[in-house]
Amino acid sequence: MSTDPARLLLELIALPSVNPSLVGAGHPRAGESAVAAWVADRARRAGLDVGHQTVEGDRTNVLLRLTPSGRIRRRLVLAPHLDTVDGPEEAFRPELRGGRIHGRGACDTKGSAAAMLAALFRLAASDSRPRRTEIVFAGLVDEEFAQKGSRRFVREKLRADLAIVGEPTRCTVVTAHKGDLWLRLTATGKAAHGSTPHLGRNAALTAARAVVLLETRYARELARRRHPLLGHPTVNVGAIHGGSQPNIVPDRCEVLIDRRTLPGETPASVRRELRALFRGAGLTLRLEDHREARCDPMETDPGHPLVRELMELAGQTQPVGVDYFCDAGVLAAGGIRSVVFGPGDIAQAHTAREWISLRSLERAAAILTRFLERQP
């Protein structure tokens, strides 16, 4: 059984696992089942216990367990996601050149999966098997869309002392990330013929005033709030839909916004402040969630012994935060202390020519191996 993370990653990239919600279930590259089967097969060869968690249809989380020789006193979770976004056909043909591995998922996050599997396989084959610590590898589905895999995982109420969630952090231990709230604003008006606009009430005008308010005054208010690791919350107007043709006064207009949240902010608190903002400006709009599943911010105490130990192995003295949301927020909200860690750079994620350096991949595997070997 190979414990070389580069070889493992090349094989993982060659198995497309595009999130079906992004391309349609019938797409030839859609679904994580082939990757899940590959992970399960390699794990059985390495002598690990293999299980599956049904998420929906044939989409399953794959769960690997390295059980200790004695009674379980501690449990660690390694949690990369198995799905990717789509890309050009050539992105699914992995290529190693110039000290880099190119291909879809190279850094987001099949690189993390390869590094974690390499560390786990090395431990299983060594004499350093923990005596009291169980290690669970949870290959999660659907991170790129609705995080159904991690939400299914936490419903099992598995007790764990720490989850290391795989994302491209350049081998830095991330202890905080922002949350993400999608909201829909709906302005209603009165339709009229374009030749007599004074007989109507233009919903697009109300929506436009709300957009200006969000992108100016509200954005400035958010910029004054500060978190030591995450900076300030943000708002972005991502889409506007309204009207049907130029000669009709629109009676409806929708605005979709992305609001990145800090620890301490909740969907309810954000909705309250937005309603107060619009009310103060004399604007009447309906405000509702555009996404059902919550994406809460995550913040973990960097002083916790396990977190501090991982940071020391990564050569890190200060905690780090990131702007994006990931499965760590779901696991933390479900009661599992979480950090984010993995090889590669988030700047490469979702790009047409995604790549990861061999140096970063091998460093992540080495750090994780040393961390797991230290467990009692």
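Bear in mind the structure is a predicted one, so any value in this text is a computation, not a measurement.
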Flag if over 12 foreign heavy atoms under 6.0 Å of CD, Q318: no

Ionic contact status for R259 with E273, cut-off 4.0 Å: yes

Whether H102 and W355 hold their rings parallel, tilted or perpendicular, with breakpoints at 30° and 60°: tilted

Side-chain donor/acceptor of R252 to backbone N/O of G189, under 3.5 Å: no

Criterion side chain to side chain contact (heavy atoms under 4.5 Å, CB included) on Q375 and L306, from CA distance to verdict: CA-CA 9 Å; Q375 303 313 308; L306 286 170; 3.5 Å; yes

R225 and E221 ion-paired at < 4.0 Å: no

Worked check of side chain to side chain contact (heavy atoms under 4.5 Å, CB included) between V136 and R75: CA-CA 7 Å; V136 177; R75 181 176 288 115; 4.0 Å; yes

Carboxylate-amine/guanidinium proximity below 4.0 Å for D323 and R260: no

Nearest-0.5 Å distance that lies between atom CD1 in I336 and atom NZ in K157: 9.5 Å

Rounded distance [0.5 Å steps], CG in D161 versus OG1 in T133: 8.0 Å

Pairwise side-chain contact, V330 with S338, heavy-atom cut-off 4.5 Å (strictly under): no

Worked verdict on R42 versus E11 for side chain to side chain contact (heavy atoms under 4.5 Å, CB included): CA-CA 11 Å; R42 297 305 186 275; E11 293 184 24; 3.0 Å; yes

Residues R7 and E362 bridged, charged N to O under 4.0 Å: no

Ring centres under 6.0 angstrom apart (Y324, H177): no

Single hit among E167, R170, E354, H350 for side-chain contact (heavy atoms from CB on, under 4.5 Å) with C107: E354

T84 and D108: CA distance, side-chain angles, deciding distance, side chain to side chain contact (heavy atoms under 4.5 Å, CB included) verdict: CA-CA 7 Å; T84 72; D108 187 20; over 6 Å; no

Nearest non-hydrogen partners of V307 and R337, listed with the distance: CG2-CD, 4.4 Å

Lys/Arg N to Asp/Glu carboxylate O, D180 vs R291, below 4.0 Å: yes

Basic-acidic side-chain contact under 4.0 Å: E288, R271: no

L63 side chain near F137 side chain, heavy-atom distance below 4.5 Å: no

Separation of L313 CG from R363 CZ (nearest 0.5 Å): 10.0 Å

Residue that, paired with L229, satisfies side-chain contact (heavy atoms from CB on, under 4.5 Å) out of T175, V320, L262: T175

Gap separating the CZ atom of R224 from the NE2 atom of H232, nearest 0.5 angstrom: 11.5 Å

Distance in Å, L181 CG paired with F325 CZ, rounded so as to fall on 0.5 Å steps: 11.0 Å

S112 vs P343 side-chain heavy atoms within contact, under 4.5 Å: yes

Ion pair R59/E56, N-O distance below 4.0 Å: yes

